[in-house]
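Note sheet for the following structure.
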Amino acid sequence: MTLATPGYDRSEISIGIVHFGVGGFHRAHQAMYIDRLLEMGLARDWGICGVGVMPADRRMAEVMAAQDCRYTLLLEKPDGTREAKVIGSIVDYRYAPDDPESVVELLAAPDTRIISLTITEGGYTLDNLPEVNVFGLVADALARRRDRGLGSPTIVSCDNIEGNGEVARHAFTTYAEHRHPGLGEWISSHTRFPNSMVDRITPVTTPEVIEVVATEFGVEDRWPVVAEPFTSWVLEDTFSAGRPPLEQAGGLLVDDVTPYELMKLRLLNAGHQALCYFACLAGYRLVHDAASDPLFADFLLAYMDDEATPTLKPVPGIDLPDYKRTLIERFANPGVKDTIARLCFGSSDRIPKWLLPVIRENLKTGAPIRCSAAVVASWARYAEGVDEQGEPIDVQDSLADTLVPLARSQRAHPTAFIENTALFGDLAQHERFVRDYLWALDSLHRDGARATLEALR
């Protein structure tokens, strides 16, 4: 098969964006948009330097060094065909713990006009940070820019968090003020934190993906990235020091991202949660297999139509019924081979941000919550750590040491899981939620996932 390679001279690209968290999603999404612009000759001063701060990022540093920061983006289409392109928009990569000073100076350089982030939903907490961390590096750089009379770059969060720009603003300003007293006020006056909505299903790279790239496209790539064809990036059009013309590459620049991010978080992201625990309990291990099952697809549509959609604001330019149908098709794409385990990972960071707001809004308005409550119950049943076939479930969650014992106690104390107020607030005090939750949990224990979904039809 034909492999597209960069049609631009990478030696002529200067760094304008520094990105923290160069994982699969950034390489399939933001870096791809800049690559599109480079192919059009529109972003030669907007090249990307990736930065890693976590121990796991050292491997990415090694791969980037070995491959001159190039990698293959493999798109898996629903019809079984594939498309691949070598992405060249990342022109440098630095592992901050090895040389934090070079990273601070890069961030402080006048040419660096955007600092972007994919550090996961849980990455914005300021507790237990390592000595070298994204907040400290950026704070030191902004202090230097202030002292040198330079302007501020824009800080763009690309994580799946409602109001991600505001979340980033709070975290960076708080940390900077603690580290450099007075800097918080300067940031408040000079630094923009646009909200954004990002959307592209990007599963973990497997050995099979590496093999496909090698055998079908003739490229020995140590860490390619695979994604679906669909992609979306909606950005609030407020920047401190200019921006690349992302609208020319398919980005959408708007005054208010809120309607788009709510659509994505409460339909796609919460939809993934609605699918994954039931699917895992029923024995599914791949997302497309579960989403292709009419029982699971019907449940997803019922959740989206009856419970999530009433909580959304009007979304200009989006056909919501079509978007929801497309979501089911995207989930059922067999080429992506996304795993149920990936969707279940880090549930305590996801459910409270994506699903619980739907429940709370519908409790206020009297709208249905039966499907949403059943999703919470499926999470609680999943967290017991054993599926319906008696096979162990490896519950990968930062709070697993707390959640698994709570889940295992719920056959004797059915509300134990939702009485965790750190996650659920006062939901255990809402009679309607507790009633629907307990019905679903009892059904899952007594009859199993499939029978529970049948009863919810």
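We number each residue from 1, following the sequence as shown. In this text the structure is predicted, and so the values were computed from the model without any measurement. Note that these values count all heavy atoms, side chains included, but never hydrogens, waters or copies made by symmetry.
Between the CG atom of L327 and the NE2 atom of H272 there is a distance of 8.0 Å, given to the nearest 0.5 Å. In this structure, the separation between CH2 on W354 and OG on S347 is 9.0 Å, given to the nearest 0.5 Å. In this structure, CD1 in I13 is found 10.5 Å from CG in D45, a value given to the nearest 0.5 Å. Taking OH from Y93 and CD1 from I48, the interatomic distance works out to 13.0 Å, rounded to the nearest 0.5 Å. A distance of 6.5 Å separates CH2 in W379 from CG in D397, rounded to the nearest 0.5 Å. Between the CD1 atom of I351 and the CD atom of Q273 there is a distance of 4.5 Å, given to the nearest 0.5 Å.
Of the possible donor and acceptor atoms, none in the side chain of D289 sits under 3.5 Å from a partner among the backbone N and O of Y284. In this structure, T112 contributes its side chain and L106 its backbone to a donor-acceptor pair below 3.5 Å. A distance-only check finds a donor-acceptor pair linking the side chain of N195 to the backbone of G165 [under 3.5 Å]. Side-chain N or O atoms of R10 include one that pairs as donor or acceptor with a backbone N or O of G88 at under 3.5 Å. For S116 (side chain) and V156 (main-chain N/O), no donor-acceptor pair under 3.5 Å exists by modelled atom type. Looking at D79, its side chain does come within 3.5 Å of a backbone N or O of T81 through a donor-acceptor pair. No donor-acceptor pair under 3.5 Å is formed between the side chain of T5 and the backbone N or O of V86. Side-chain N or O atoms of Y71 include one that pairs as donor or acceptor with a backbone N or O of R27 at under 3.5 Å. With E162 contributing its side chain and L262 its backbone, the two residues share no donor-acceptor pair below 3.5 Å. Side chain of S196 to main chain of S157: a donor-acceptor pair is present (N/O by atom type, distance under 3.5 Å, no hydrogens or angles).
Shortest non-hydrogen contact noted between S188 and T173 is OG-CG2, 4.1 Å. Here the shortest heavy-atom pairing between L183 and A139 reads CD2-O, 3.3 Å. The nearest pair of heavy atoms linking V51 to A96 is CG1-CB, 4.1 Å. Among all heavy-atom pairs drawn from A43 and L37, the shortest one is CB-CB, 3.6 Å. Between S240 and R192, the closest heavy-atom pair is OG-N, 2.8 Å. Nearest heavy-atom pair, H29 versus D199, reported as atom, atom and distance to 0.1 Å: NE2-N, 3.6 Å.
Environment of CD in E12: crowded, with over 12 heavy atoms of neighbouring residues, nucleotides or ligands closer than 6.0 Å. Within a 6.0 Å radius of CG in D9, other residues, nucleotides and ligands contribute more than 12 heavy atoms. At most 12 non-hydrogen atoms from other residues, nucleotides or ligands lie less than 6.0 angstrom from CD of E131.
Between Y260 and S232, the side chains place no donor N or O within less than 3.5 Å of an acceptor N or O (distance only, hydrogens not considered). For the 3.5 Å distance criterion, the side chains of Q67 and D221 qualify, holding a donor opposite an acceptor. Side-chain contact, T238 with E236: no donor N or O sits under 3.5 Å from an acceptor N or O.
Under the side-chain contact (heavy atoms from CB on, under 4.5 Å) test applied with F25, the options N160, D159, V198 reduce to a single match, V198. Of the candidates F299, Y303, Y382, F278 forms a ring pair (Phe, Tyr, Trp, His ring centres under 6.0 Å) with just one, namely F299.
A salt bridge links R285 and D387; the closest N-O separation between the charged side-chain nitrogens and carboxylate oxygens is under 4.0 Å. Taking the charged nitrogens against the carboxylate oxygens, E384 and R381 do have a contact shorter than 4.0 Å, which makes a salt bridge. Under 4.0 Å is where a charged nitrogen must lie from a carboxylate oxygen, and between K313 and D256 no such pair does. Taking the charged nitrogens against the carboxylate oxygens, E361 and R266 do have a contact shorter than 4.0 Å, which makes a salt bridge. Ion pairing of R94 with E105 is absent here, as no side-chain N (NZ or NE/NH1/NH2) approaches a carboxylate O to less than 4.0 Å. With respect to K353 and E121, no salt bridge is recorded, no charged nitrogen being found less than 4.0 Å from a carboxylate O.
For the pair E76 and E228, the minimum side-chain heavy-atom distance is 4.5 Å or more. Side-chain contact between K85 and E39 is present, with heavy atoms from C-beta onward closer than 4.5 Å. The shortest side-chain heavy-atom distance between R330 and I201 falls under the 4.5 Å cut-off. Residues I340 and V287 are in side-chain contact: their nearest non-hydrogen atoms beyond the backbone lie under 4.5 Å apart. Side-chain contact between R146 and I187 is absent, with no heavy-atom pair separated by less than 4.5 Å. Within the 4.5 Å cutoff, the side chain of V315 has no heavy atoms near those of the Y323 side chain. The side-chain heavy atoms of L74 and P224, taken from C-beta on, include no pair separated by under 4.5 Å. Contact check for P110 versus R148: no side-chain heavy atoms found under the 4.5 Å cut-off.
For F135, the ring-ring contact (aromatic ring centres under 6.0 Å, His included) partners are F172, not counting sequence neighbours.
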Let me see the working for F20 and L107 under side-chain contact (heavy atoms from CB on, under 4.5 Å), right down to the final yes or no.
CA-CA 11 Å; F20 286 89; L107 295 168; 3.9 Å; yes
CA sep, side-chain torsions, deciding dist, call: L441, V376, side-chain contact (heavy atoms from CB on, under 4.5 Å)
CA-CA 9 Å; L441 185 63; V376 177; over 6 Å; no
Working for side-chain contact (heavy atoms from CB on, under 4.5 Å), residues W223 and R59:
CA-CA 10 Å; W223 204 337; R59 179 175 167 235; 3.5 Å; yes
Verdict with supporting geometry, Y95 and R58, side-chain contact (heavy atoms from CB on, under 4.5 Å)
CA-CA 7 Å; Y95 183 61; R58 186 177 291 279; 3.0 Å; yes
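Residue pairs meeting the salt bridge (Lys or Arg N to Asp or Glu O under 4.0 Å) criterion with at least one member in residues 168-178, sequence neighbours excluded: E166-R169.
A cation-pi arrangement, defined by a distance under 6.0 Å to the six-membered ring centre and an angle within 45 degrees of its axis, is absent between R342 and F345. Both the sub-6.0 Å distance and the 45° axial angle are satisfied by R113 relative to the ring of W46.
In this structure, H19 and H26 have parallel ring planes: the angle between them is below the 30° cut-off, well short of the 60° mark.
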